[in-house]
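Below is one structure; the comments refer to it alone.
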Amino acid sequence: MKIATFNINGIKARINALSDWLDEAQPDVALLQEIKSVDEAFPSEMFEEKGYNVVTHGQKSFNGVAILSKLPLEDVTRGLPILADGDEADEQARWIEATVVGKQAVRLCNLYLPNGNPVELTEDGQPVPGGKYAYKLRWMERMHARAQQLLAEEAPFLMAGDYNIIPQAEDAKRPQAWEGDAAYRPESHAMWRKLLNLGFTEAFRSRTFGAGHYSFWDYQAGAWNRDDGIRIDHFLLSPQCADLLLDCQIDKEVRGREKPSDHVPVWVELDL
DNA sequence: ATGTCCTTGGCTCAAGGA
């Protein structure tokens, strides 16, 4: 089973690019982020005609996630659970879960992690409460709690999407340019490791080593032409899911096409 | 650090987000 993640940066602007990529890459499942559309405006019919089931969790203008799947999507839930006193339901559409059943069932968590910039810090270096960076870190804390719940089931599941996290220096062409950025700050790296340390396998790095592998190139300053990219789109696999991993690749060439997203698809092949 | 793109409001450009 081929499962892909793809931040499309707006469904209206990406209809053709997305359609073409689906036709040739033929993923069984596509986890989409930044659909930037309300549910009613998402062109589900176009994907249903290609044989996909479609579920969305959208909002106006920003964010929004969707799942396309050739297999039925079961037990769909939207949003991260409210996990602590004082937590409010997330008004931002960034998380959707569903289960697909191949040889066995696998739970799919599709996420669009907050960007977190600009970073605002207090005088003693703490993220300003209510600021975008504090929201990112708090969101990661909630995601961590949800991951713990799912791990307790000891069944295959994955969490994939746009993490807005550059894991290591080798994941950026110019790492020094990202120092201080919400995707590369120490607090962000600490939360990323805290997630991984629950026992996840980062699919791409379990198979490919070394620098020069990116999933995002900014539209600005000729980043694509200079291959000035970062790797921020990831798959985290639960132990039972990692055992099923056959392959993980980045569809880099998609970035060089007509009217591209600033992200490219990343996919895993699972023995399912 | 900014050589861009996407969205919306209610236009023909500006602002916010990334």
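Quick caveat: nothing in here was measured; it's all calculated off a predicted structure. In what follows, every chain begins at residue 1, and chains take the letters A, B, ... in the order their sequences are listed.
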> What string of B, S and - do you get for nucleotides 8-18 of chain B, 5' to 3', if B is base contact, S is sugar-phosphate-only contact and - is no contact with any protein heavy atom under 4.0 Å?
Replying inline: SS-------SB
> Expressed as a whole number of Å, how far does the P atom of B:dG10 sit from that of B:dC6?
Replying inline: 22 Å
> Counting any heavy atom closer than 4.0 Å, what does A:Ala221 reach on the DNA or RNA strands: base, sugar-phosphate only, or nothing?
Replying inline: base
>> How many whole angstroms separate atom NZ of A:Lys259 from atom C1' of B:dC6?
In response: 8 Å
>> Which label fits A:Phe6 and A:Trp21: parallel for a plane angle under 30°, tilted from 30 to 60°, or perpendicular past 60°?
In response: perpendicular
> Just checking, any donor-acceptor pair under 3.5 angstrom between side chains of A:Trp95 and A:Glu97?
Replying inline: yes
>> If hydrophobic residues (ILVMFWY) are linked whenever their side-chain heavy atoms come closer than 4.5 Å, directly or via other members, who joins A:Ile232 in its cluster?
In response: A:Ile166, A:Trp178, A:Tyr184, A:Phe216, A:Ile230
> Distance between the P atoms of B:dT7 and B:dG3, in whole angstroms?
Replying inline: 23 Å
> Taking only side-chain nitrogens and oxygens of A:Arg226, does any of them come within less than 4.0 Å of OP1 or OP2 of B:dG3?
Replying inline: no
>> I'd like to know if A:Asp20 pairs up with A:Arg257 as an ion pair, taking the criterion as any Lys NZ or Arg NE/NH1/NH2 lying under 4.0 Å from an Asp or Glu carboxylate oxygen.
In response: no
>> Rounded to whole Å, how long is the line connecting atom CG of A:Asn16 with atom P of B:dC6?
In response: 12 Å
> Will you find, in the side chains of A:Asn117 and A:Lys132, an N or O donor that is under 3.5 Å from an N or O acceptor?
Replying inline: no
> Can A:Glu141 and A:Lys194 be counted as an ion pair, charged N to O under 4.0 angstrom?
Replying inline: yes
>> Between B:dT2 and B:dG17, how far apart are the two C1' atoms, rounded to whole Å?
In response: 15 Å
> Which whole-number value in Å describes the distance from A:Asp228 CG to B:dA1 C1'?
Replying inline: 11 Å
